[in-house]
Amino acid sequence: MLIPLKQFICDSCKKPIVNIEDGWIEWESYIDAKTDKIVSKNFRICHHNNKCQKLIKHPNCADLPLSDFTGDYAILQTISMLDIGVYHDPTYTVGSEIENLREFAELQRRLLLPYYEEARQYWNEAINQGYFGDMNEISIYMPSFLKRMIEDFSESH
């Protein structure tokens, strides 16, 4: 089992990122010509190497160490991607936009919810088996449920 919020699965090679220091987050970021806002999209967690970093040569690549998005800084980094705050942008003229909020929410779940990173690899199978039943939109993300899901599905693999 992965150590929750300390180990992640690389979006490129699908192998565990065992040490935070070996991980990287990359995404595309550009200034929208119409709104003059910073737009971010295509968020990825990967190993910090030329093989797994797919956006490194992209002209709009933005990237930071995975360690900047874990621990006490995790929530600060992700909130700042939505809004840098009233002190630095009092009239919200700079602002930022996330192109796909569902994709961004997925990144936040991976970084902030214990056991989600590992449980997500069984998500489609769980849906197909009716594992979630009539659970609501919060309870399927509870750490105790996610841990049980990992235990249930990892035994069958």
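- The structure places SG of Cys46 at 14.5 Å from NZ of Lys15, a figure rounded to the nearest 0.5 Å.
- Annotation for Trp24: hydrophobic cluster partners, listed by chain and number, are none (ILVMFWY side-chain heavy atoms under 4.5 Å, direct or chained).
- Counting non-hydrogen atoms of other residues, nucleotides and ligands closer than 6.0 Å to CG of Asn128 gives a total above 12.
- When the shell of 6.0 Å around OH of Tyr73 is examined, it contains 12 or fewer heavy atoms from other residues, nucleotides or ligands.
- Relative orientation of the Trp27 and Phe69 rings is perpendicular, given thresholds of 30° and 60° on the angle between their planes.
- Here the options are Glu99, Lys37, Lys41, the test is side chain to side chain donor-acceptor pair (under 3.5 Å), and the partner is Tyr30; only Glu99 passes.
- Aromatic rings from Tyr131 and Phe153 are positioned such that their centres are separated by under 6.0 Å.
- To the nearest 0.5 angstrom, Thr70 atom OG1 is 9.0 Å from Leu5 atom CG.
- In Leu76, the CG atom is crowded: over 12 heavy atoms of neighbouring residues, nucleotides or ligands sit closer than 6.0 Å.
- Defined by atom type and a distance below 3.5 Å, a donor-acceptor pair is missing between the side-chain atoms of Tyr116 and Gln108.
- With Asp11 as the partner, the side-chain contact (heavy atoms from CB on, under 4.5 Å) test is satisfied by one option alone out of Ile25, Ile45, Ile17: Ile45.
- Applying the side-chain hydrogen bond (donor to acceptor under 3.5 Å, both in side chains) test to pairs two or more places apart or on separate chains, none has a residue in residues 47-56.
- Clustering of Ile, Leu, Val, Met, Phe, Trp and Tyr side chains at separations under 4.5 Å places Ile9 together with Leu2.
- Taking the six-membered ring where the residue is Trp, Trp123 and Tyr141 present parallel rings, their angle staying beneath 30° rather than reaching 60°.
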